[in-house]
Each structure stands twice: as C-alpha cells, then as structure tokens.
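Worth saying up front: this structure is predicted, and the values here are computed from it rather than measured. Just so you know, ligand 1 is whichever comes first in the structure, and atom 1 is the first atom listed for that ligand. We number each residue from 1, following the sequence as shown.
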Amino acid sequence: MAITRTHPFFCFLLSSSLLLLFLLGSCNNYRLVEASGGQTANNQHHHVIVVNSLIPASTCSPSLKGSSRSRTLQVVHKNGPCSPLDLQKKTRSYNLSQILGQDEQRVRSIQSTISQQQLVEDSKAKIPAKSGRSFGTGNYVVTVGFGTPKRDLSVVFDTGSDLTWIQCQPCVVSCYQQTEPIFNPPTSSTYSNISCGSAECAQLKSATGNSPSCRSTCIYAIQYGDSSYSIGYFGRDTLSLTSSDVFPNFQFGCGQDNEGLFGSAAGLLGLGRHPVSLVSQSATKFGKKFSYCFPPVSSSTGFLAFGDQAGTSSSGVKYTSLLTDSRGPSFYFASLNGISVGGQRLSIPTTVFTSSGTIIDSGTVITRLPPAAYSALRSAFRQATSSYPSAPSYSILDTCFNPGGQSTIRIPKIVLHFAGGVDLDVDASGIVILASSSQLCLAFAGNSSPSSVAILGNTQQKTFEVVYDVAGGKLGFGAGGCS
Ligand SMILES: *[C@@H]1O[C@H](CO)[C@@H](O)[C@H](O)[C@H]1NC(C)=O
Ligand SMILES: *[C@@H]1O[C@H](CO)[C@@H](O)[C@H](O)[C@H]1NC(C)=O
C-alpha cells in the first residue's frame, strides 16, 4: 500500500509544523558576509579584522588539510561556493535573514523538547523518555556512498539528529528537488526493507519521536523544528563513508514523502547518541569517536573524521567532559562555566550555567546563552566596541555597530570557559557577522528563560577541530583544525 496524503502521520506532522512556524519580521536582506581569516594583527586580547575581507569569496578555496586526507570526509557549507549542491557553481548568495529565522525555529524545538522532558521529571511521572527527537536541518554537508554499486549523495550532517535518511525513488508522495540523482533501491543489489515486527523498527519511536507505522514494511516519520519532514520505508543498505570505511546493512530511512529546507541535499546523516545514529551503528569500528572542523568562511572546506582519524588534525586538543542529561538523552552536553571578553572574565555566577545546562550542536548556527550570561557578554562587547557608532539590530542579533569607513576594525576576544580549565578562544570568524555594510553584529544571542538550555552553535566552533569521544566521555577542542 502506498503512503498517501491522508496518512495519519502526515496530518500530525503538518499540524505540528504549522504550530512551530516562526514568522520572521520584516528584516532587510543582505548577503551573508562573514568575518574571515583576514586578520592583520592579533594581540593578546583583541582581533583586528580587515573590513574588506569580510566580503565572502565567490570561488571555492578548499583547505589543504581537508582534501589531503583520504579517510576523512570533506565538509562544506551547503550554500557556499564549495558545495556540490551549488548548481550555479558561482556566487550563491545566502539569505542571512532566512538562515537566522530557521535557526530560531531549530532552537525553539530543541528547547521545548528539553523543557517538556524536565516537566516529566519534575512530576516524577513514569512517561517513557522521549529521546532522540530531531531538530532542524543543519548547514554543513558531506558526500557519502549508499548502496551497491555505491551512489554518492550529499547529505546534511547533524549531531542533533539520530536517524539517517535519504530521498528515495519512486517518491510515492513527493520528493523535493535535489542536485544529485535520487536513490533508487531496486538498482542497489544490497538494499532491503526492515520488517514491521523487528526490534529495529520498534526503536524508531525513541529516535524520531513518532511511532513507526506499517505498510507491509516498517515506515518511519520524522519532522524537524523548521517544518521540514521525511516519511518513508525504513531500510538497510551498504553505507560507504570512505573506500576503507564501509558499513553493510546500515539502517536508514528511504524517504517517500519529503519536504523542507535541506538545500537540495539528498538527505541527512544523524550523528546523535541514539542506537540508530551513525555513531552507534559504526561503534564497533570507530568506538563512538568522531570529529569535525567547520571552515572560517563558507568558501573554504572542513572535514568530518571518524575513529582513529578523529582528534589527530590539530596538535594540543584540550578535553573537557562530554556529559549526558536525561532531559535530552540524544544530545551532547558540555559544562560551559564562564566567559571572558577582551581578557576579562565576566562575573557571571556559575549557577547561571548549571541551571540551564549547555549542549554542543553542529546544526545550530548562533550560540544561545542564558539571559544573565548573554547580558553580561553584550555589555562587555558594547563597551569594547563603543568607539564605533551603534547600528540597528538584525533578526536575532541585537548587538550591532556600524564599521563606517574604517578599513580595519578591532573587536575583543571572546573566550568560552569549560570545566577542566578548557578554554575555547573563539576565532574572529565566530565573534561577528557582517549583516550589511553598516551592520556588524555580535554573533551570539540570549535565551529568554534562565532554565532554557544553552547551545554552543556552529559559528562559534569555526576553525576548531571539535572531537566527540562519546565512549570516553570527552569533548575536545583543537585550534587551527581546518587549515
Ligand atoms: C530572505 O528571507 C526572508 C525571510 O525568510 C524573506 O522574506 C526574503 O524574501 C528572502 N530574500 C531573498 C532575496 O530571497
Ligand atoms: C520495500 O517496501 C515497499 C513498500 O511495501 C515496496 O514497494 C518495495 O518494493 C520494498 N522493497 C524491497 C527491496 O523489498
């Protein structure tokens, strides 16, 4: 039987996504212009950035490190000139206002799930853990092989998701437009469906938040906070990450009804903690260890590495604890406990961080801080940049100034402190975003509630090799990871 528009999951998904719909105000749209590696001087407590270098390059300049390693995957921004999804192969201008709007939807979904879980715990109710719900569509893609013979497909990778899925022919209900040919299971000699009564099918509930259904084969349904979704057959096939890292019988979703903001990617690679995630399914070989590096600019490349390859890219990776939290069993929690601006540690009580908790996420763009931490950061940043005229806020970025006609600007360093004395000295590319020629904005935002979880977003992770040693319970940061 085919999946039809009246499929109950579909209706549920549609109504819940509409509730989540977040309408962005009438922001002006500018091309996303990022702070780049155009740093001229670098004193102890400040970054000096050449303003012209903030205009993004329209051609791809791949990082040598990423492309010289055969056992790692190249990571590219899905909208940048290095993306295989960039059909024009030229200047794909991003819509920053749209990216920030989608980011807000993702963050709201993550936070609502975590606070719902909190309510369950507070009431000590015996409600099954709602683990592994997935949110948002992420911004970085890697290319991996599915099936036999393998078909290379570019997928968004996401540490905030568990289930891997790709669009599949015959697209019974609908497929969105993707750049590469849509995977066709009958052309793969190793594809098989997963049966309804299997243990694998049963675990979809905790991986997706939705009970699987059965139409002669196991059917998954997953929706994301930005109203994207995928529904289809739960199947198995060979996954080839690299020529020497090949996983037969990898379980993934073969999407027959797909819609959303995947930027013409073929699907999504789930790197959360749930048993269905790639991290868990590859655990025997990789020991639940992986790392990635996001490039400083969207015209460069980073990498995604697994197992022994992870943590080797940068010398001096510093490790803090990688924590679990029953409020969100699939998420990666870290113990952020302080912030310094321009060499001065802000006086923020540790309880501000402990009462929110912090997750690290590859798919959230802008770091979200507890309100008290953000207001302290904002004040210190405003003070340090007070020689520039202030500028209107842009979307969720409320701290902007006008670089005017200056050829260089000076911004304070921002250091995020983690338990164990581990410091993340955020790269200049992770501190400010040039939203327009007259708006250079602090690339952080505050939560509205002190109990909402803080999120370390991908902007602030740029240029570091971020190592997830899940089995070892360690989270590492290595400077100069991509270059
Ligand atoms: C950018 O995104 C905003 C908000 O999503 C939208 O209103 C606007 O039309 C988009 N602009 C362009 C040029 O696509
Ligand atoms: C998987 O299940 C679907 C739906 O029942 C069916 O159309 C398809 O042929 C099956 N594929 C294989 C390889 O069994």
| field | Sub-4.0 Å atoms of ligand 1 with respect to non-hydrogen atoms of Ser97 | value | 2 (O), 3 (C), 4 (C)

| Do the side chains of Leu456 and Leu416 get nearer than 4.5 Å, heavy atoms only? | yes

| field | Contact check, Ser216 vs ligand 2, heavy-atom distance below 4.0 Å | value | yes

| said: Using a 4.0 Å cut-off to any heavy atom of Gln98, which atoms of ligand 1 qualify? | reply: 2 (O), 5 (O)

| said: One thing to verify: whether Arg106 and Asp158 come together as a salt bridge, which I'm taking to mean a side-chain N less than 4.0 angstrom from a carboxylate O. | reply: yes

| task | Go through ligand 2 atom by atom and flag the ones less than 4.0 Å from a non-hydrogen atom of Tyr191. | result | 13 (C)

| message | For the cysteine pair Cys214/Cys196, does the gap between the two SG atoms stay under 2.5 Å? | response | yes

| task | Can you sort out which atoms of ligand 2 are near Tyr233, meaning under 4.0 Å from one of its heavy atoms? | result | 3 (C), 4 (C)

| message | Against ligand 1, does Gly101 come closer than 4.0 Å with any heavy atom? | response | no

| message | Tell me which one of Phe331, Tyr292, Phe333 satisfies ring-ring contact (aromatic ring centres under 6.0 Å, His included) with Tyr468. | response | Tyr292

| Is there a side-chain contact between Ile194 and Phe252 (heavy atoms, below 4.5 Å)? | no

| task | Determine, considering heavy atoms only, which of Ile99, Asn95, Leu96 sits nearest to atom 11 (N) of ligand 1. | result | Asn95

| request: Would you indicate whether the side-chain heavy atoms of Arg273 and Tyr332 approach each other to under 4.5 Å? | output: yes

| Considering Asp237, Thr217, Val172, Asn193, which one's heavy-atom position lies nearest to atom 6 (C) of ligand 2? | Asn193

